[in-house]
Number of protein chains: 2
Amino acid sequence: MQLADVFQKLEDGSKRITPQREQIIRIFADHPGQPFSAEEIAHLMRERFGDVGLATIYRTLELLMDLEVVTRETVGDGRSHYQWPLDEGHKHPVMICLRCQSSTRIPEDHLRTVGSWALSVLEFQLVDYEMTLYGICRVCHLREQRRRRGRESIS
Amino acid sequence: MQLADVFQKLEDGSKRITPQREQIIRIFADHPGQPFSAEEIAHLMRERFGDVGLATIYRTLELLMDLEVVTRETVGDGRSHYQWPLDEGHKHPVMICLRCQSSTRIPEDHLRTVGSWALSVLEFQLVDYEMTLYGICRVCHLREQRRRRGRESIS
DNA sequence: GTTGCTGCAAATGATTTGCAGTTAG
DNA sequence: CTAACTGCAAATCATTTGCAGCAAC
(Lines give C-alpha, C1' and ligand atoms only; values in the text may rest on other atoms or scores of the structure.)
Protein backbone atom coordinates (compact mmCIF):
# COMPACT_ATOMS: atom_id res chain seq x y z
CA MET A 1 0.00 0.00 0.00
CA GLN A 2 1.38 3.35 -1.05
CA LEU A 3 0.46 6.91 -0.21
CA ALA A 4 -0.76 7.43 -3.76
CA ASP A 5 -3.13 4.49 -3.44
CA VAL A 6 -4.77 6.11 -0.47
CA PHE A 7 -5.23 9.41 -2.25
CA GLN A 8 -6.71 7.49 -5.16
CA LYS A 9 -9.15 5.77 -2.86
CA LEU A 10 -10.16 9.12 -1.44
CA GLU A 11 -10.83 10.53 -4.90
CA ASP A 12 -12.73 7.43 -5.94
CA GLY A 13 -15.05 7.95 -3.03
CA SER A 14 -15.26 11.72 -3.67
CA LYS A 15 -13.62 12.33 -0.35
CA ARG A 16 -11.51 15.45 -0.04
CA ILE A 17 -7.80 15.51 0.49
CA THR A 18 -7.48 18.08 3.23
CA PRO A 19 -4.20 19.05 4.89
CA GLN A 20 -5.30 17.39 8.12
CA ARG A 21 -6.09 14.14 6.39
CA GLU A 22 -2.90 14.20 4.39
CA GLN A 23 -0.79 14.59 7.52
CA ILE A 24 -2.60 11.86 9.40
CA ILE A 25 -2.17 9.51 6.46
CA ARG A 26 1.52 10.37 6.29
CA ILE A 27 1.99 9.53 9.95
CA PHE A 28 0.69 6.04 9.28
CA ALA A 29 2.59 5.67 6.02
CA ASP A 30 5.83 6.63 7.73
CA HIS A 31 5.37 4.00 10.42
CA PRO A 32 3.92 0.89 8.86
CA GLY A 33 2.92 -1.67 11.43
CA GLN A 34 3.15 0.75 14.31
CA PRO A 35 0.04 1.19 16.41
CA PHE A 36 -1.11 4.68 17.37
CA SER A 37 -3.85 5.73 19.70
CA ALA A 38 -6.04 8.66 18.72
CA GLU A 39 -4.29 10.72 21.38
CA GLU A 40 -0.89 9.87 19.98
CA ILE A 41 -2.00 10.94 16.53
CA ALA A 42 -3.25 14.20 18.02
CA HIS A 43 0.08 14.74 19.72
CA LEU A 44 2.09 14.04 16.58
CA MET A 45 -0.18 16.31 14.58
CA ARG A 46 0.35 19.12 17.04
CA GLU A 47 4.10 18.77 16.57
CA ARG A 48 4.21 18.31 12.83
CA PHE A 49 1.26 20.37 11.70
CA GLY A 50 -0.65 22.30 14.34
CA ASP A 51 -3.72 21.75 16.44
CA VAL A 52 -6.32 19.38 15.03
CA GLY A 53 -9.58 18.62 16.76
CA LEU A 54 -9.88 15.16 18.21
CA ALA A 55 -13.20 14.81 16.42
CA THR A 56 -11.46 15.31 13.10
CA ILE A 57 -8.92 12.69 14.01
CA TYR A 58 -11.58 10.17 14.93
CA ARG A 59 -13.51 10.94 11.78
CA THR A 60 -10.39 10.51 9.67
CA LEU A 61 -9.59 7.24 11.38
CA GLU A 62 -13.08 6.01 10.67
CA LEU A 63 -12.74 7.04 7.05
CA LEU A 64 -9.38 5.26 6.76
CA MET A 65 -10.89 2.13 8.23
CA ASP A 66 -13.73 2.28 5.72
CA LEU A 67 -11.15 2.55 2.95
CA GLU A 68 -9.26 -0.34 4.51
CA VAL A 69 -6.14 1.73 4.88
CA VAL A 70 -5.71 1.24 8.61
CA THR A 71 -6.91 -1.40 11.02
CA ARG A 72 -8.14 -0.93 14.53
CA GLU A 73 -7.33 -3.06 17.50
CA THR A 74 -8.86 -2.27 20.83
CA VAL A 75 -6.80 -2.78 23.92
CA GLY A 76 -7.92 -3.70 27.39
CA ASP A 77 -8.25 -0.30 29.00
CA GLY A 78 -10.79 0.82 26.44
CA ARG A 79 -8.44 2.68 24.16
CA SER A 80 -8.08 1.78 20.50
CA HIS A 81 -4.92 1.51 18.46
CA TYR A 82 -4.87 2.11 14.75
CA GLN A 83 -2.22 1.00 12.32
CA TRP A 84 -1.23 0.83 8.69
CA PRO A 85 -0.80 -2.92 8.33
CA LEU A 86 2.40 -4.34 6.97
CA ASP A 87 2.21 -5.64 3.43
CA GLU A 88 2.90 -9.28 3.86
CA GLY A 89 2.26 -11.67 6.63
CA HIS A 90 5.32 -10.66 8.57
CA LYS A 91 3.90 -10.94 12.03
CA HIS A 92 5.30 -8.44 14.46
CA PRO A 93 6.28 -9.63 17.83
CA VAL A 94 4.01 -8.34 20.51
CA MET A 95 3.68 -8.50 24.23
CA ILE A 96 0.18 -9.14 25.50
CA CYS A 97 -0.63 -8.24 29.07
CA LEU A 98 -2.64 -10.91 30.85
CA ARG A 99 -4.21 -8.28 33.09
CA CYS A 100 -5.27 -5.52 30.76
CA GLN A 101 -4.97 -7.39 27.46
CA SER A 102 -3.06 -4.49 26.04
CA SER A 103 -0.76 -5.50 23.25
CA THR A 104 2.44 -3.65 22.67
CA ARG A 105 4.76 -4.13 19.79
CA ILE A 106 8.24 -5.05 20.79
CA PRO A 107 10.60 -2.42 19.40
CA GLU A 108 12.91 -3.72 16.67
CA ASP A 109 15.96 -2.66 18.65
CA HIS A 110 15.16 -5.09 21.39
CA LEU A 111 14.79 -7.91 18.92
CA ARG A 112 18.36 -7.76 17.81
CA THR A 113 19.01 -9.18 21.25
CA VAL A 114 16.96 -12.23 20.36
CA GLY A 115 18.88 -12.62 17.13
CA SER A 116 22.27 -12.60 18.74
CA TRP A 117 20.97 -14.78 21.53
CA ALA A 118 19.71 -17.36 19.04
CA LEU A 119 22.99 -17.30 17.19
CA SER A 120 25.22 -17.65 20.21
CA VAL A 121 23.14 -19.96 22.34
CA LEU A 122 21.44 -22.10 19.73
CA GLU A 123 23.88 -21.76 16.83
CA PHE A 124 20.91 -20.82 14.73
CA GLN A 125 20.96 -17.94 12.26
CA LEU A 126 17.77 -16.03 12.78
CA VAL A 127 16.09 -14.77 9.62
CA ASP A 128 12.53 -14.15 10.75
CA TYR A 129 10.38 -14.95 13.73
CA GLU A 130 6.93 -14.96 15.16
CA MET A 131 6.74 -14.17 18.78
CA THR A 132 4.07 -13.42 21.30
CA LEU A 133 4.92 -12.83 24.92
CA TYR A 134 2.25 -13.13 27.57
CA GLY A 135 2.81 -11.51 30.91
CA ILE A 136 2.19 -8.51 33.11
CA CYS A 137 2.90 -5.11 31.63
CA ARG A 138 4.57 -2.30 33.50
CA VAL A 139 1.38 -0.30 33.94
CA CYS A 140 -0.56 -3.18 35.48
CA HIS A 141 2.38 -4.14 37.64
CA LEU A 142 2.60 -0.63 39.04
CA ARG A 143 -1.15 -0.44 39.51
CA GLU A 144 -1.15 -3.66 41.48
CA GLN A 145 1.74 -2.52 43.62
CA ARG A 146 -0.10 0.67 44.36
CA ARG A 147 -3.23 -1.23 45.33
CA ARG A 148 -1.33 -3.59 47.53
CA ARG A 149 0.34 -0.68 49.30
CA GLY A 150 -3.01 1.03 49.66
CA ARG A 151 -4.47 -2.02 51.35
CA GLU A 152 -1.47 -2.37 53.66
CA SER A 153 -1.54 1.24 54.79
CA ILE A 154 -5.19 0.85 55.79
CA SER A 155 -4.55 -2.14 58.03
CA MET B 1 -9.66 -25.38 35.51
CA GLN B 2 -12.55 -26.53 37.69
CA LEU B 3 -15.18 -24.70 39.69
CA ALA B 4 -13.57 -25.91 42.89
CA ASP B 5 -10.25 -24.40 41.86
CA VAL B 6 -11.88 -21.02 41.52
CA PHE B 7 -13.48 -21.21 44.94
CA GLN B 8 -10.11 -22.23 46.33
CA LYS B 9 -8.49 -19.23 44.73
CA LEU B 10 -11.13 -17.00 46.25
CA GLU B 11 -10.48 -18.41 49.71
CA ASP B 12 -6.74 -18.14 49.28
CA GLY B 13 -7.17 -14.46 48.58
CA SER B 14 -9.69 -14.07 51.42
CA LYS B 15 -12.35 -13.15 48.91
CA ARG B 16 -15.90 -14.04 49.75
CA ILE B 17 -18.02 -16.55 47.92
CA THR B 18 -21.25 -14.64 47.54
CA PRO B 19 -24.30 -15.95 45.67
CA GLN B 20 -23.77 -13.36 42.93
CA ARG B 21 -20.17 -14.38 42.42
CA GLU B 22 -21.00 -18.05 42.48
CA GLN B 23 -23.62 -17.63 39.76
CA ILE B 24 -21.36 -15.56 37.56
CA ILE B 25 -18.59 -18.11 37.91
CA ARG B 26 -21.02 -20.88 37.02
CA ILE B 27 -22.08 -19.09 33.88
CA PHE B 28 -18.49 -19.11 32.71
CA ALA B 29 -17.81 -22.65 33.88
CA ASP B 30 -20.85 -23.92 32.00
CA HIS B 31 -19.68 -22.35 28.75
CA PRO B 32 -15.93 -22.72 28.46
CA GLY B 33 -14.51 -20.78 25.56
CA GLN B 34 -17.67 -18.77 25.04
CA PRO B 35 -17.32 -15.00 25.18
CA PHE B 36 -19.80 -12.94 27.18
CA SER B 37 -20.17 -9.20 27.39
CA ALA B 38 -20.92 -7.63 30.75
CA GLU B 39 -24.44 -6.94 29.52
CA GLU B 40 -24.94 -10.55 28.54
CA ILE B 41 -23.82 -11.68 31.95
CA ALA B 42 -26.29 -9.25 33.48
CA HIS B 43 -29.06 -10.64 31.30
CA LEU B 44 -28.27 -14.26 32.15
CA MET B 45 -28.07 -13.39 35.81
CA ARG B 46 -31.48 -11.78 35.70
CA GLU B 47 -32.90 -15.00 34.25
CA ARG B 48 -31.12 -17.49 36.43
CA PHE B 49 -30.80 -15.60 39.67
CA GLY B 50 -32.36 -12.16 39.88
CA ASP B 51 -31.24 -8.60 39.41
CA VAL B 52 -27.56 -7.90 39.97
CA GLY B 53 -26.02 -4.46 39.70
CA LEU B 54 -23.78 -3.93 36.70
CA ALA B 55 -21.13 -2.58 39.05
CA THR B 56 -21.09 -5.89 40.86
CA ILE B 57 -20.71 -7.71 37.59
CA TYR B 58 -17.81 -5.55 36.50
CA ARG B 59 -16.17 -5.91 39.89
CA THR B 60 -16.56 -9.67 39.75
CA LEU B 61 -15.12 -9.76 36.26
CA GLU B 62 -12.12 -7.76 37.41
CA LEU B 63 -11.67 -10.13 40.33
CA LEU B 64 -11.85 -13.15 38.05
CA MET B 65 -9.29 -11.61 35.75
CA ASP B 66 -6.96 -10.99 38.69
CA LEU B 67 -7.36 -14.64 39.65
CA GLU B 68 -6.70 -15.59 36.03
CA VAL B 69 -10.00 -17.40 35.80
CA VAL B 70 -11.34 -15.50 32.83
CA THR B 71 -9.68 -13.51 30.08
CA ARG B 72 -10.84 -10.31 28.50
CA GLU B 73 -10.81 -9.46 24.84
CA THR B 74 -11.99 -6.11 23.65
CA VAL B 75 -13.94 -5.96 20.44
CA GLY B 76 -13.98 -3.19 17.90
CA ASP B 77 -16.93 -1.18 19.12
CA GLY B 78 -15.41 -0.63 22.54
CA ARG B 79 -17.22 -3.41 24.33
CA SER B 80 -15.31 -6.14 26.14
CA HIS B 81 -15.91 -9.86 26.06
CA TYR B 82 -14.92 -12.14 28.89
CA GLN B 83 -14.40 -15.86 28.75
CA TRP B 84 -13.28 -18.91 30.63
CA PRO B 85 -10.45 -20.02 28.37
CA LEU B 86 -10.32 -23.49 26.94
CA ASP B 87 -7.52 -25.66 28.21
CA GLU B 88 -5.16 -25.48 25.33
CA GLY B 89 -1.86 -27.21 24.98
CA HIS B 90 1.05 -25.06 25.95
CA LYS B 91 2.60 -24.25 22.61
CA HIS B 92 6.26 -25.01 22.63
CA PRO B 93 8.71 -22.67 21.04
CA VAL B 94 10.38 -24.06 17.98
CA MET B 95 13.00 -23.16 15.47
CA ILE B 96 12.22 -23.93 11.86
CA CYS B 97 15.03 -24.17 9.36
CA LEU B 98 14.31 -22.40 6.09
CA ARG B 99 16.58 -24.82 4.22
CA CYS B 100 15.67 -28.25 5.47
CA GLN B 101 12.35 -27.39 7.15
CA SER B 102 13.45 -29.24 10.23
CA SER B 103 11.82 -27.98 13.35
CA THR B 104 13.58 -28.18 16.67
CA ARG B 105 12.17 -27.39 20.01
CA ILE B 106 13.99 -24.66 21.84
CA PRO B 107 15.19 -25.99 25.19
CA GLU B 108 13.45 -24.40 28.16
CA ASP B 109 16.76 -23.38 29.67
CA HIS B 110 17.43 -21.03 26.84
CA LEU B 111 14.08 -19.41 27.24
CA ARG B 112 14.79 -18.14 30.67
CA THR B 113 17.09 -15.79 28.84
CA VAL B 114 14.09 -14.37 27.04
CA GLY B 115 12.27 -13.98 30.30
CA SER B 116 14.98 -12.02 32.00
CA TRP B 117 15.53 -10.06 28.83
CA ALA B 118 11.85 -9.10 28.67
CA LEU B 119 11.88 -8.11 32.32
CA SER B 120 15.01 -6.00 32.16
CA VAL B 121 14.63 -4.43 28.73
CA LEU B 122 10.86 -4.11 28.44
CA GLU B 123 9.87 -4.07 32.12
CA PHE B 124 7.45 -6.85 31.27
CA GLN B 125 6.97 -9.89 33.48
CA LEU B 126 6.90 -12.87 31.20
CA VAL B 127 4.37 -15.55 32.09
CA ASP B 128 4.00 -17.47 28.85
CA TYR B 129 4.97 -17.11 25.23
CA GLU B 130 4.54 -18.39 21.76
CA MET B 131 7.60 -18.24 19.64
CA THR B 132 8.68 -19.52 16.29
CA LEU B 133 12.10 -18.70 14.94
CA TYR B 134 12.85 -19.04 11.25
CA GLY B 135 16.44 -19.30 10.14
CA ILE B 136 19.27 -21.54 9.16
CA CYS B 137 20.03 -24.45 11.44
CA ARG B 138 23.52 -25.54 12.36
CA VAL B 139 23.51 -28.58 10.10
CA CYS B 140 22.49 -26.64 7.00
CA HIS B 141 24.90 -23.91 7.83
CA LEU B 142 27.81 -26.32 8.07
CA ARG B 143 26.78 -28.11 4.88
CA GLU B 144 26.71 -24.82 2.98
CA GLN B 145 30.08 -23.84 4.32
CA ARG B 146 31.52 -27.13 3.12
CA ARG B 147 30.08 -26.59 -0.37
CA ARG B 148 31.42 -23.10 -0.60
CA ARG B 149 34.89 -24.27 0.31
CA GLY B 150 34.57 -27.07 -2.25
CA ARG B 151 33.84 -24.59 -5.06
CA GLU B 152 36.68 -22.34 -4.04
CA SER B 153 39.20 -25.18 -4.19
CA ILE B 154 37.99 -26.06 -7.72
CA SER B 155 38.34 -22.61 -9.18
C1' DG C 1 -18.37 -8.28 65.09
C1' DT C 2 -15.35 -7.31 61.14
C1' DT C 3 -14.16 -7.03 56.59
C1' DG C 4 -15.49 -7.51 52.43
C1' DC C 5 -19.53 -7.17 49.23
C1' DT C 6 -23.60 -5.11 47.02
C1' DG C 7 -26.54 -1.67 44.74
C1' DC C 8 -27.24 2.79 43.58
C1' DA C 9 -26.02 6.94 41.59
C1' DA C 10 -22.59 9.89 40.17
C1' DA C 11 -18.06 10.17 37.79
C1' DT C 12 -14.93 9.00 34.15
C1' DG C 13 -12.87 8.81 29.75
C1' DA C 14 -12.72 7.38 25.07
C1' DT C 15 -15.38 8.04 21.15
C1' DT C 16 -19.45 10.25 18.58
C1' DT C 17 -22.48 13.67 16.99
C1' DG C 18 -24.97 18.31 16.07
C1' DC C 19 -24.09 22.46 14.27
C1' DA C 20 -22.29 26.73 12.28
C1' DG C 21 -18.56 28.33 9.87
C1' DT C 22 -14.76 27.06 6.33
C1' DT C 23 -12.65 25.13 2.17
C1' DA C 24 -11.38 21.80 -1.57
C1' DG C 25 -12.67 20.70 -6.10
C1' DC D 1 -20.65 27.72 -6.15
C1' DT D 2 -21.69 23.74 -2.91
C1' DA D 3 -21.00 19.43 -0.94
C1' DA D 4 -17.69 17.87 2.03
C1' DC D 5 -14.83 19.06 5.96
C1' DT D 6 -13.40 21.20 10.39
C1' DG D 7 -13.54 22.63 15.31
C1' DC D 8 -16.12 23.17 19.23
C1' DA D 9 -19.09 21.71 22.68
C1' DA D 10 -22.50 18.71 24.07
C1' DA D 11 -23.95 13.89 24.00
C1' DT D 12 -23.06 8.74 24.35
C1' DC D 13 -21.91 4.65 26.23
C1' DA D 14 -19.10 1.15 28.44
C1' DT D 15 -16.83 0.91 32.52
C1' DT D 16 -15.33 2.66 37.24
C1' DT D 17 -15.87 4.59 41.75
C1' DG D 18 -17.80 6.68 46.28
C1' DC D 19 -20.68 5.59 49.65
C1' DA D 20 -24.09 3.65 52.90
C1' DG D 21 -26.26 -0.39 54.03
C1' DC D 22 -25.74 -5.58 54.09
C1' DA D 23 -23.88 -10.25 54.74
C1' DA D 24 -20.14 -13.92 54.73
C1' DC D 25 -16.97 -15.82 57.71
Side-chain angles (χ1 to χ4, degrees), chain A residues 6-25 35-43 45-46 49-67 70 72-82 99-102 139-140 143-144 146-148 150-155, chain B residues 7-25 35-43 45-46 49-67 70 72-82:
Chain A
V6 182
F7 295 143
Q8 188 60 52
K9 285 186 176 193
L10 286 170
E11 280 185 24
D12 291 351
S14 39
K15 305 297 180 187
R16 293 186 179 158
I17 300 172
T18 65
Q20 292 93 331
R21 285 182 179 176
E22 185 176 336
Q23 277 304 310
I24 292 175
I25 292 167
F36 295 101
S37 67
E39 286 289 357
E40 285 166 341
I41 296 285
H43 188 257
M45 286 297 281
R46 212 167 296 127
F49 176 85
D51 271 318
V52 179
L54 260 178
T56 300
I57 289 172
Y58 279 112
R59 277 187 287 231
T60 303
L61 290 171
E62 194 191 351
L63 173 62
L64 293 177
M65 287 194 298
D66 284 350
L67 299 177
V70 301
R72 168 165 68 180
E73 107 182 51
T74 311
V75 293
D77 66 336
R79 213 166 309 177
S80 285
H81 284 176
Y82 305 82
R99 295 276 187 274
C100 67
Q101 308 294 307
S102 69
V139 176
C140 286
R143 179 162 45 75
E144 286 177 13
R146 227 180 299 124
R147 268 194 205 158
R148 222 169 287 132
R151 279 195 214 106
E152 280 163 11
S153 64
I154 288 167
S155 55
Chain B
F7 295 143
Q8 188 60 53
K9 283 186 177 193
L10 286 170
E11 281 185 24
D12 292 350
S14 36
K15 305 297 179 187
R16 292 184 182 159
I17 300 171
T18 65
Q20 292 92 331
R21 286 183 178 175
E22 185 177 337
Q23 277 303 311
I24 293 176
I25 292 167
F36 295 100
S37 67
E39 287 289 356
E40 285 166 339
I41 295 285
H43 188 257
M45 286 295 282
R46 212 168 296 128
F49 176 85
D51 272 318
V52 179
L54 259 177
T56 300
I57 289 173
Y58 278 111
R59 276 187 286 230
T60 303
L61 290 171
E62 192 192 352
L63 173 62
L64 292 178
M65 287 193 298
D66 283 350
L67 298 178
V70 303
R72 169 164 68 181
E73 106 183 51
T74 311
V75 294
D77 67 334
R79 211 166 310 175
S80 286
H81 284 177
Y82 305 81

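These numbers were taken from a predicted model, which means no experiment stands behind them. Residue numbers begin at 1 in each chain, while the letters A, B, ... track the order of the sequences.
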- request: Classify the nucleic acid contact of B:Glu39 as base, sugar-phosphate or nothing, counting any heavy atom under 4.0 Å across all strands shown.
  value: nothing
- request: Starting from P on C:dA14, measure out to CG on A:Leu61 and report it in whole angstrom.
  value: 15 Å
message: Heavy atoms only, 4.0 Å cut-off, all strands: where does A:Arg59 land among base, sugar-phosphate and nothing?
response: base
- prompt: Which distance, rounded to the nearest 0.5 Å, do you find between the CZ of B:Arg46 and the CD1 of B:Ile41?
  reply: 12.0 Å
Integer-rounded Å distance: D:dT6 P and A:Met45 CE: 9 Å
message: Distance check needed: D:dT16 P versus B:Glu62 CD, whole Å only.
response: 6 Å
query: Are side-chain heavy atoms of A:Leu10 and A:Leu63 found at a separation under 4.5 Å?
result: yes
field: Inter-residue atom distance B:His81.NE2 - B:Leu61.CG, 0.5 Å rounding
entry: 11.5 Å
Rounded distance (nearest 0.5 Å) linking atom OG1 of B:Thr60 with atom CE of B:Met65: 11.0 Å
task: From the options C:dC5, C:dT6, C:dT15, select the nucleotide whose nearest atom is closest to the side chain of B:Gln20.
output: C:dT6
query: Atom CG of A:Leu54 to atom C1' of D:dT12: distance rounded to whole Å?
result: 16 Å
Presence of B:Ser37 side-chain N/O under 4.0 Å of D:dA14 phosphate oxygens OP1/OP2: no
- prompt: Over how many whole Å does the gap from A:Arg16 atom CZ to D:dA3 atom P extend?
  reply: 9 Å
field: End-to-end axis angle, where each axis spans five pairs of the helix from C:dG1-D:dC25 to C:dG25-D:dC1, to 10°
entry: 40°
- prompt: In Å and rounded to the nearest 0.5 Å, what is the CZ to OG1 distance from A:Arg21 to A:Thr56?
  reply: 9.0 Å
- line: Residue pair B:Ala55/A:Thr18 against DNA chain D: nearer the 5' end by closest nucleotide is A:Thr18
Separation between CD of B:Glu22 and CD1 of B:Ile24, rounded to the nearest 0.5 Å: 11.0 Å
Spacing between A:Ile24 atom CD1 and D:dG7 atom C1', to the nearest angstrom: 13 Å
- request: Write down the distance between CG (A:Asp66) and P (C:dT16), rounded to a whole number of angstrom.
  value: 11 Å
message: Check the phosphate of C:dT3 against B:Ser14, side-chain N and O only, distance under 4.0 Å to OP1 or OP2. Yes or no?
response: no
query: Out of curiosity, B:Leu67 CG to B:Glu62 CD, how far, rounded to the nearest 0.5 Å?
result: 10.5 Å
task: Could you state the atom-to-atom distance from CG of A:Asp51 to P of D:dC8 in whole Å?
output: 7 Å
